[in-house]
Asker: 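Okay, here's the structure, questions in a sec.
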Amino acid sequence: MTAMMQPSGDASRGAAQEQSNGPTALRIILGVKLRRLRQRRGISREAAGRAIRGSHAKITRLERGQVRAKERDLRDLLTLYGIHDPDEREEFFGLAQQANSPGWWCQYADVLEDWFELHLGLEDAASVIRTYEVQFLPGLLQTEEYAYAVSRLGYPNTEPRKVARIVALRMARQRLLHRPEPPRLWAVVDEAVLRRPFGGAEVMREQLEHLLKMIELPHITLQVAPFAVTAAAAGTPVTLLRFVDHDLPDKVYLEHLTNAVYLDKPSEIDQYTLIMDRLCAEARQPAETAAFIEDMLAELR
């Protein structure tokens, strides 16, 4: 099952690939390249931090793609790392310029949390998105009315205008599934997710009909994990993101109500991949899932 995480086909590398990524992904790629240069020269984070009038923590954030690279800092780091060739330096500056450009999600800055912005950028650049949900349907598969229903639950004291903006952001995310070369979405949802009548019978009926349409798309796979599935003991939503570019490490995204955790250590990726593989093996297979949704629809009619 793990092999199914691999994107199919050969992908081009280098500048062409970087240009296809959004600013978040490019920041991470730039950080990876800078870390490799520093390590190749045997320079510590502390020494690199002093070279840009900062600390080792600033270098760590820069190398992880958590902050934008300032031109002056980048210039000083490249000099420190022995990169003097004008063309090579210009490649780094060009990459930084692209990485510092705003993403489409910036238009929703009024409702966008900092911890979620990173996920949007990674999601936008991913070639494969695997997700497991225990409470709600994945945001990428929600109808607008369903999104309103669950957003009102998550933000009970929020004014209607803000809820509308949150829903609009969620709908905008879904555009990536309809791109010419969309990512592969492989979702597993706990059976309880479909049993909860968020928004009432009519909202759920439209939501189930929407799911049936979406799983007809060749790049979308949906499985329902019955109550008896033991692998579901993970007990928390999990999203794994994989990228074509080798400079982008796989990411595990764990979302909570008011924050999120991002993991990318190989041992962590392996552990969560194993959980996802077990879930996919034990859950209803895609054809069985479609039949299950059809049966649920019949109950609502």
Side-chain angles (χ1 to χ4, degrees), residues 15 17-19 21-103 105-106 108-110 112-126 239-243 245-272:
Q17 176 59 43
E18 289 171 358
Q19 289 174 0
N21 287 320
T24 300
L26 293 177
R27 279 205 312 271
I28 296 173
I29 292 172
L30 177 61
V32 169
K33 292 179 181 293
L34 290 174
R35 184 180 71 246
R36 289 173 180 167
L37 289 176
R38 178 181 60 77
Q39 292 174 339
R40 195 178 303 153
R41 300 283 293 187
I43 297 172
S44 68
R45 287 193 178 94
E46 287 77 9
R50 288 193 295 271
I52 60 171
R53 301 151 297 278
S55 64
H56 71 282
K58 183 176 180 179
I59 294 297
T60 298
R61 291 193 296 271
L62 185 61
E63 292 181 350
R64 289 179 177 174
Q66 295 174 339
V67 295
R68 297 181 179 184
K70 297 179 180 178
E71 184 176 348
R72 184 179 68 165
D73 291 344
L74 183 57
R75 186 188 308 114
D76 292 342
L77 286 176
L78 291 177
T79 300
L80 179 67
Y81 299 157
I83 305 300
H84 302 293
D85 179 79
D87 291 338
E88 191 173 0
R89 289 172 70 93
E90 187 56 37
E91 288 182 10
F92 276 92
F93 289 127
L95 179 57
Q97 184 177 16
Q98 294 177 58
N100 291 341
S101 63
W105 47 87
C106 289
Y108 298 97
D110 55 321
L112 183 57
E113 301 287 350
D114 291 341
W115 53 266
F116 190 58
E117 181 178 358
L118 175 58
H119 177 65
L120 290 182
L122 294 172
E123 183 180 74
D124 200 57
T239 298
L240 283 80
L241 302 111
R242 172 157 289 182
F243 310 89
D245 197 306
H246 289 164
D247 285 330
L248 277 170
D250 294 351
K251 295 280 186 181
V252 171
Y253 172 71
L254 305 175
E255 181 176 319
H256 309 292
L257 183 60
T258 58
N259 57 38
V261 176
Y262 296 86
L263 309 173
D264 58 14
K265 292 181 180 178
S267 60
E268 297 167 332
I269 299 295
D270 290 344
Q271 182 176 359
Y272 280 97

Asker: Between Asp76 and Arg53, does any side-chain N to carboxylate O distance fall below 4.0 Å?
Answerer: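 Salt bridge between Asp76 and Arg53, a charged N being under 4.0 Å from a carboxylate O: yes.
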Asker: If you compare all heavy atoms of Asp264 against all heavy atoms of Pro249, which two are closest, and at what distance to 0.1 Å?
Answerer: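 Heavy atoms of Asp264 and Pro249 come nearest at OD2-CG, 4.3 Å.
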Asker: Can you tell me if Tyr272 uses its side chain to pair, donor with acceptor, with the backbone of Tyr253 under 3.5 Å?
Answerer: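 Judged by distance alone, no pair lies under 3.5 Å.
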Asker: To the nearest 0.5 Å, what is the distance between CZ on Arg27 and CG on Asn100?
Answerer: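 If I round to the nearest 0.5 Å, the distance is 7.5 Å.
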Asker: Give, for atom CG of Leu30 and atom CG of Asp247, the distance between the pair rounded to the nearest 0.5 Å.
Answerer: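 Result: 10.5 Å between the selected atoms.
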Asker: Do other residues, nucleotides or ligands put more than 12 heavy atoms under 6.0 Å from Asp114 CG?
Answerer: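 It does not: Asp114 CG has 12 such atoms or fewer within range.
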Asker: If you compare all heavy atoms of Pro23 against all heavy atoms of Pro102, which two are closest, and at what distance to 0.1 Å?
Answerer: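 Answer, listing the atom of Pro23 first, then Pro102: CG-C, 4.1 Å.
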Asker: Return the minimal non-hydrogen interatomic distance between Leu248 and Ile29, and the atom names on each side.
Answerer: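 The answer is CG-CG1, 3.8 Å.
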Asker: Report the C-alpha distance between Leu26 and Gln98 in whole Å, list the side-chain angles of each, state the deciding distance to 0.1 Å, and finish with yes or no for side chain to side chain contact (heavy atoms under 4.5 Å, CB included).
Answerer: CA-CA 7 Å; Leu26 293 177; Gln98 294 177 58; 3.5 Å; yes
Asker: Take Thr239 and Lys251 through the test side chain to side chain contact (heavy atoms under 4.5 Å, CB included) and record every step on the way to the result.
Answerer: CA-CA 8 Å; Thr239 298; Lys251 295 280 186 181; over 6 Å; no
Asker: What heavy-atom pair brings Trp115 and Ala260 nearest, and what distance separates the two atoms?
Answerer: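 The pair with the smallest heavy-atom distance is CE3-CB, 3.5 Å.
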Asker: Do the non-hydrogen side-chain atoms of Thr79 and Arg89 ever get within less than 4.5 Å of each other?
Answerer: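 They are in side-chain contact.
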Asker: Counting only heavy atoms not in Gln97, do more than 12 fall under 6.0 Å of its CD?
Answerer: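 No - once you tally the heavy atoms of other residues, nucleotides and ligands closer than 6.0 Å, there are 12 at most.
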Asker: Could you grab the distance from atom CZ of Arg45 to atom NE2 of His56, nearest 0.5 Å is fine?
Answerer: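 Output value for this atom pair is 8.5 Å.
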Asker: Looking only at atom types and distance, does a side-chain atom of Asp73 sit under 3.5 Å from a main-chain N or O of Ala69, one as donor and one as acceptor?
Answerer: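 No; judged by distance alone, with no hydrogens or angles, the pair does not exist.
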Asker: So, taking the atom named CG in Asp250 and the one named CG in Leu122, what distance separates them when rounded to the nearest 0.5 Å?
Answerer: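 The CG atom of Leu122 is 11.0 Å from CG of Asp250, to the nearest 0.5 Å.
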Asker: Nearest heavy-atom pair of Thr24 and Trp105: which atoms, and what distance?
Answerer: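 What the structure gives for the nearest pair is OG1-CZ2, 3.4 Å.
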Asker: Is there a donor-acceptor pair under 3.5 Å between the side chain of Tyr81 and the backbone N or O of Arg40?
Answerer: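 No, because the side chain of Tyr81 does not come within donor-acceptor range (under 3.5 Å) of the backbone of Arg40.
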Asker: Would you check if Leu62 and Leu74 make a side-chain contact, meaning some heavy-atom pair closer than 4.5 Å?
Answerer: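 Heavy-atom side-chain distance check fails, nothing below 4.5 Å.
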Asker: Check Glu71 with Arg75, please: is the shortest side-chain N to carboxylate O separation under 4.0 Å?
Answerer: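 Yes.
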Asker: Keeping the roles fixed (side chain from Arg64, backbone from Gly31), state whether a donor-acceptor pair exists under 3.5 Å.
Answerer: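 Checked: no pair found.
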Asker: Please report the interatomic distance CG(Leu263) to CD(Gln271), rounded to the nearest 0.5 Å.
Answerer: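 Rounded to the nearest 0.5 Å, the CG-CD separation comes to 9.0 Å.
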Asker: Please name the residue in the list Arg35, Lys58, Lys33, Arg38 that meets the salt bridge (charged side-chain N to carboxylate O under 4.0 Å, His left out) test with Glu63.
Answerer: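 Passing option: Arg38.
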Asker: If you round to the nearest 0.5 Å, how far is CG of Leu77 from CG of Leu37?
Answerer: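 Nearest 0.5 Å value for the CG-CG distance: 9.5 Å.
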Asker: For residues Ala51 and Leu80, report the shortest heavy-atom separation together with the two atoms involved.
Answerer: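 Residues Ala51 and Leu80, closest heavy atoms: CB-CD2, 3.7 Å.
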